[in-house]
Each structure stands twice: as C-alpha cells, then as structure tokens.
Amino acid sequence: GSEAASEQGQEEEVEDRLKEHMDNLLDKSAKARQAALQSLRLALASKTLPEFLLERRLTLTDSLEKCLKKGKGEEQALAATVLTLLCLQMGAGPEGEEVFRSLKPLLVSVLTDSTASPSARQSCATALGMCCYIAAADLE
C-alpha cells in the first residue's frame, strides 16, 4: 500500500517538474529556455511518459516550434533532440505522425539554412531521420 502511494507521489513530482520545464520553454531568456530543454531531454530519455505527453503534445510541439524558429545554435539543437525524444515517446501511431508532420517543414528549413549552426543542423537532420523512421506514414 505505502509503496504504491510513494510511487504515485514520485510520479506526480516528476510530472510537476516536467510541467514547469515546459512552461520555461516560453521564457524570454535564452538561458532559461536552454536549461528547460536540457531538463526535458534528460527526463524524456530516462523515463517513458506517454500518457503525460499525450495530453500535452500540442503545447510541447508549439514550444519546440518557437525554440526552433527563434532560437540560435544550442537552443535549436536541443529543441530538435527533444522533438526526437517526443516522437519516440509518441510512437508510430497517429499522435507521433501528427507531431512529426507539424514540425517537419521547420526541421528541413533549419537543416538547409547555411547560416544555422552546424550543431543545430546536425540535430535537425537526426530528428528528421528518426522521426521519419518512427512516425512518418507517407513512404516518401
């Protein structure tokens, strides 16, 4: 009984921290956004949270889109990495496909932008490949 309650409490604590990190993606400070992206990257890489993310995928996708559009270098690279992890968490179903389809043009745009940093372009290429492999319904 108490072990299940303790696990439930830990789960809620993790979700609260993730919500806070997602809110911080909209911060005016680039450093705060980068810190939030780093934290999300670590969380999504270490724990499967499909139900939590399913409810918040549109919000997170919008925030990642802003980071990819307005961010520079490191922020763009981190946003693409978080996007890859989000696609992995969403899987091959319609939700993963929706996330990929909405951000694919932006990933291609950063990838082909010769003024973007090499790390941002590389992360966008990786995100494009991984998300395409996982979530693209269209064989092309």
Side-chain angles (χ1 to χ4, degrees):
S2 72
E3 195 174 295
S6 170
E7 198 172 293
Q8 179 70 27
Q10 287 177 332
E11 190 74 28
E12 287 174 9
E13 190 178 311
V14 167
E15 289 181 1
D16 287 345
R17 280 198 310 252
L18 284 172
K19 287 176 196 170
E20 190 178 311
H21 298 317
M22 289 169 68
D23 289 342
N24 289 342
L25 289 179
L26 302 173
D27 200 288
K28 286 188 195 286
S29 160
K31 284 232 182 288
R33 290 192 307 269
Q34 283 182 20
L37 286 165
Q38 283 279 30
S39 298
L40 283 168
R41 180 179 64 87
L42 290 170
L44 296 181
S46 62
K47 195 166 180 71
T48 56
L49 304 154
E51 295 84 23
F52 174 82
L53 292 170
L54 192 60
E55 298 168 9
R56 294 165 183 83
R57 72 183 183 284
L58 297 176
T59 305
L60 186 52
T61 303
D62 286 348
S63 298
L64 291 174
E65 181 179 344
K66 287 181 178 99
C67 290
L68 282 167
K69 275 184 183 173
K70 296 181 174 141
K72 298 284 178 242
E74 182 69 15
E75 184 178 345
Q76 288 177 314
L78 284 166
T81 302
V82 172
L83 172 62
T84 303
L85 293 167
L86 178 61
C87 268
L88 276 168
Q89 295 257 354
M90 290 292 98
E95 295 85 7
E97 185 185 342
E98 176 188 2
V99 167
F100 173 59
R101 192 178 35 230
S102 68
L103 289 180
K104 179 184 170 194
L106 194 50
L107 289 172
V108 171
S109 169
V110 174
L111 177 61
T112 57
D113 179 0
S114 60
T115 62
S117 80
S119 67
R121 293 174 73 185
Q122 183 266 325
S123 282
C124 285
T126 301
L128 202 56
M130 287 295 291
C131 293
C132 187
Y133 179 73
I134 295 164
D138 183 9
L139 292 178
E140 273 186 52

Applying the side chain to side chain contact (heavy atoms under 4.5 Å, CB included) criterion to V99, which one of P94, C87, C131 satisfies it?
C87
Can you tell me which residue pairs pass the side chain to side chain donor-acceptor pair (under 3.5 Å) test with a partner in residues 79-91, sequence neighbours excluded?
none
Short N-O contact, K19 and E15, less than 4.0 angstrom
no
Nearest atoms (heavy-atom pairs only) where A77 meets S119:
CB-O, 3.7 Å
Taking R121 for the side chain and T112 for the main chain, is one N or O donor matched with an acceptor at less than 3.5 Å?
no
Nearest atoms (heavy-atom pairs only) where G73 meets S117:
CA-OG, 3.3 Å
Hey, any chance L86 and F100 share a hydrophobic cluster, counting ILVMFWY side chains that come within less than 4.5 Å of each other, even indirectly?
yes
Validation: residues 40-60 side-chain donor-acceptor distances under 3.5 Å, sequence neighbours left out:
residue, atom, partner, partner atom, Å
R41, NE, Q38, OE1, 3.2
R41, NH2, Q38, OE1, 2.7
S46, OG, L42, O, 2.9
S46, OG, A43, O, 3.3
R56, NH1, F52, O, 3.0
R57, NE, E98, OE1, 3.2
R57, NH1, L54, O, 2.8
R57, NH2, E98, OE1, 3.0

Which atom of C67 lies closest to which atom of A79, heavy atoms considered:
CB-CB, 3.8 Å
Can you tell me how far the CD atom of Q34 sits from the NZ atom of K72, to the nearest 0.5 Å?
12.5 Å
As an exercise, state the distance from CG of N24 to CZ of R17, rounded to the nearest 0.5 Å.
13.5 Å
Would a single hydrophobic cluster contain both V110 and L103, if residues Ile, Leu, Val, Met, Phe, Trp and Tyr are joined by side-chain heavy-atom contacts under 4.5 Å?
no
Going by atom types alone, do T126 and Q122 pair a side-chain donor with an acceptor below 3.5 Å?
yes
Got a sec, which residues hit salt bridge (charged side-chain N to carboxylate O under 4.0 Å, His left out) with K66, two or more places apart in sequence or on another chain?
none
Taking atom OG of S63 and atom CG of L37, what is their separation to the nearest 0.5 Å?
9.0 Å
Heavy-atom side-chain proximity of L68 to C124 below 4.5 angstrom
yes
L85 CG to M130 CE distance, which is reported to the nearest 0.5 Å:
8.5 Å
So CD of Q76 and NZ of K69: to nearest 0.5 Å the spacing works out to 12.5 Å
Given the rule that I, L, V, M, F, W and Y join up when any side-chain heavy atoms are under 4.5 Å apart, are L26 and V82 in one cluster?
no
Which distance, rounded to the nearest 0.5 Å, do you find between the CG of L78 and the CG of L83?
12.5 Å
